[in-house]
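Chain letters run A, B, ... following the sequence lines, proteins first, then strands; residues in each count from 1.
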Amino acid sequence: MRTDRTTLATISVLTAVFAAFFVLPFAGLLNRAIEDGKTWELARSETARTALWLSVWTSTVTLALTIVFGTPVAYLLSRARFPGKSIVDAAIDLPIVLPPTVAGVALLTAFGRRGLLGEPFEEWTGQTFAFTTTAVIMAQLLVAAPFYVRAVRSGFDSVDRRAESVAYTLGASKTRTFFRIVVPQVRPAILEGMVLCWARAMGELGATLIFAGNLEGKSQTMPLAIISAFEGSSLGLAGAIALSMMLLAVALAVLVVFRLVSNREPWQA
Amino acid sequence: MSVEYEAAIQLGNFAYEAKFEARNEIVVLFGHSGAGKSVTLQAIAGLVRPNRGRIVVDGRAMFDSAAKLHLSPQERNVGYVVQELALFPHMTVAENVAFGIPNGVDRERRTAELLELLRIGEFAKRKPATLSGGQRQRVALARALARDANVLLLDEPFSALDDALRVTLRRELLRLRAELGLTIVFVTHDLREAHLLADRLAVFDAGSILQFGAREEVFRRPVSRRVAELTGTSNIFAARVAGRDGDGGTVLEIAGSRFAARTQAEVAPGADVDVAIRAERVNLRRPGEVPNAFRAMLTEEFAFGSSHTLHFRPVGAGPMVEVEIASRPYEVLGVAQGQEWLIELPASDLHIMRRD
């Protein structure tokens with residue numbers, strides 16, 4: 001009995017300390033945002049609005065590209081057997097564990113003006129990737145897409161393949177089986193992958209900074225704008241706080257929507 | 001309503017070859033897991049393509065390696081229930097059942113009929129996860145019947161259920177078969193289930209059928225020691241053919257003792273053979289003049305409620321024997337450990353198997 005109480009007390013204290021550690025930063029942010037009194041005004045400034053819009057639409061394009069290219073990849077990784085599969089598997093996980101700055105440097109060496117593909121591409125078309133909005137999307141794609149592929153792949157893994165076999169014996173074509181039997185079961189995983197991918201793209205900083213630069217209106221996404229504000233751009237520290245609050249609000253909104261959508265799968269339980 | 005099956009499959013190191021048929025009956029494919037039972041159903045359903053062979057369902061060729069014919073599962077119209085059922089978890093019971101109903105059929109009416117047939121109408125709007133094991137089993141059966149298939153392939157459908165429920169569902173299956181005139185190929189590793197359901201039985205072992213025949217034939221007259229073991233014959237003796245007796249029977253020498261066997265077997269005198277007798281066919285006799293008997297002592301006994309299993313050790317010549325006896329005669333005879341009995345191996349139940 002005594003040990004039980006001691007254990008319980010220890011767990012409670014540890015939990016409380018940890019919880020405080022997580023809650024305090026947000027409380028601090030909120031506190032400063034209110035104290036400053038300029039937050040609302042700064043959040044509506046041209047720089048902030050441009051950065052937010054750039055972040056939102058590039059992340060959304062990144063997500064769309066990820067869904068188009070990543071879904072088949074996830075399906076293949078789950079279902080197909082081919083030589084070198086484990087290498088492909090590891091290569092897709094690599095960006096998840098790789099520091100984003102390394103991803104940025106790697107992108108430069110491939111698609112930069114002196115890059116493997118970048119140099120011939122510029123000679124041929126006169127166009128460059130680096131330091132453009134396209135570069136922002138490329139950086140996000142490299143860093144964020146693996147999160148989607150991983151989530152959706154495990155979704156495909158969890159679908160009972162015998163259910164597909166049964167569907168065939170019931171006369172359903174492969175296409176009908178895929179859309180009526182497989183996709184509905186993978187939907188929660190797809191949603192999860194979409195949220196992870198989009199959120200990761202929204203927060204992308206290191207790779208973008210190196211490969212796309214920090215040009216307002218062109219490659220200055222929200223995280224970059226926050227860095228700039230710290231380094232003394234016109235927005236200042238109060239601006240950094242205002243931008244942070246905006247990102248926080250977006251993140252919360254996404255989480256809430258995700259919860260609402262994914263809770264509509266009672267058969268999962 | 002028939003299935004004619006002949007196929008050879010090479011899957012890595014697994015070599016498989018099987019031949020059997022089913023006509024308006026239940027054919028049970030019996031054997032341990034990995035023996036090739038499930039792959040047989042997959043080949044009939046079109047989910048596995050054999051390397052060689054010919055599969056005909058209701059007179060229509062589904063697969064014929066000589067003619068390079070291999071119909072897709074969609075084209076075959078056989079009902080298939082997999083182990084653990086694989087119900088569609090995101091669909092209601094009614095949607096599961098309706099999934100296979102062909103276009104042009106009154107979907108709502110047919111669904112209602114099938115739900116009624118399997119007595120699951122009240123669960124129509126529920127998801128499979130909310131149903132009990134037995135209810136899910138009925139959903140899987142209803143779903144498999146949605147295309148009006150005449151042939152039903154069932155892969156260990158009752159393995160996840162408790163005993164009482166299995167009894168009910170086996171009865172249900174026999175009712176369905178009678179009502180719809182189905183031909184059923186039923187896979188199981190459960191001996192009692194095989195015995196209860198089979199009209200004919202195919203005994204699988206390591207990728208091939210060791211014996212295919214009428215149920216009693218397979219149980220009473222296994223073709224080899226292996227089949228006898230698989231079908232639960234507990235007394236299998238190594239024996240030598242000592243000669244013929246006057247009645248056209250065979251005289252066998254088992255563990256130093258001679259026995260007459262009435263069963264037909266083409267074995268030459270001097271040949272080494274295996275002899276099987278099921279534990280429930282062995283008789284306990286009081287001491288006296290009994291042919292085909294030897295003295296033995298009861299050394300071990302196990303009570304199973306409705307029956308007792310007794311182990312006897314010979315006193316003098318004769319083999320070790322297991323005897324199964326119903327509870328009532330057990331009590332009437334006053335059987336007890338340490339007693340000596342005459343063990344009679346009836347000549348008509350001693351089954352001779354050649355060693356090849």
Side-chain angles (χ1 to χ4, degrees), chain A residues 67 71 74-75 78-86 151-195 258-269, chain B residues 38 41-48 57 62 71-93 95-105 114 126-131 139-149 151-157:
Chain A
I67 293 170
T71 313
Y75 186 76
S78 172
R79 295 301 169 81
R81 277 197 224 162
F82 52 89
K85 180 177 170 180
S86 57
V152 175
R153 184 229 162 116
S154 70
F156 281 123
D157 282 347
S158 68
V159 174
D160 186 350
R161 302 206 48 188
R162 286 170 308 182
E164 291 167 62
S165 297
V166 168
Y168 298 155
T169 68
L170 291 171
S173 66
K174 290 204 163 170
T175 316
R176 178 162 181 249
T177 302
F178 185 76
F179 286 105
R180 294 274 325 267
I181 305 299
V182 180
V183 170
Q185 293 186 65
V186 181
R187 212 175 63 183
I190 291 179
L191 282 173
E192 187 198 330
M194 285 169 67
V195 168
F258 175 59
R259 277 296 164 100
L260 286 178
V261 178
S262 62
N263 273 354
R264 283 200 212 127
E265 315 283 349
W267 54 270
Q268 285 274 315
Chain B
S38 295
L41 297 193
Q42 287 165 5
I44 300 172
L47 297 164
V48 161
V57 173
M62 302 278 133
L71 295 186
S72 69
Q74 289 87 349
E75 295 168 301
R76 294 198 182 198
N77 194 21
V78 291
Y80 181 36
V81 176
V82 294
Q83 214 174 341
E84 281 139 44
L85 312 179
L87 295 175
F88 307 138
H90 55 296
M91 295 184 182
T92 63
V93 167
E95 286 165 348
N96 263 277
V97 172
F99 186 82
I101 295 174
N103 292 330
V105 175
L114 287 163
R126 306 240 307 248
K127 294 275 170 70
T130 68
L131 302 180
V139 178
L141 281 169
R143 182 178 64 174
L145 293 169
R147 283 177 89 189
D148 261 329
V151 171
L152 207 51
L153 312 172
L154 306 177
D155 193 350
E156 308 240 5

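The shortest non-hydrogen separation linking A:Leu170 to B:Ala144 is CD2-CA, 4.4 Å. Between A:Ile181 and B:Met91, the shortest heavy-atom contact is CD1-CE, 3.7 Å. Nearest heavy-atom pair across A:Ala163 and B:Ala86 is N-CB, 3.6 Å.
When atom types are taken as modelled, the side chain of B:His90 and the backbone of A:Arg180 share a donor-acceptor pair closer than 3.5 angstrom. Here the side chain of A:Arg162 pairs no donor or acceptor atom with the backbone of B:Val82 at under 3.5 angstrom.
Counting heavy atoms from C-beta outward, A:Thr169 and B:Gln74 have side chains that stay 4.5 Å or more apart. In this structure, the side chains of B:Phe88 and A:Asp160 stay at 4.5 Å or more apart for every pair of heavy atoms.
Of the atoms belonging to B:Gln83, heavy atoms from both backbone and side chain fall under 4.5 Å from chain A. Contacts of B:Arg76 with chain A are absent, with no heavy-atom separation under 4.5 Å from either backbone or side chain. Interface residue B:Phe99: backbone and side-chain heavy atoms are both found under 4.5 Å from chain A.
The residue among A:Ala172, A:Gly171, A:Ser173 with the most heavy atom pairs within less than 4.5 Å of chain B is A:Gly171.
Annotation for A:Lys85: atom NZ counts as buried by contact number, over 12 foreign heavy atoms lying within 6.0 Å.
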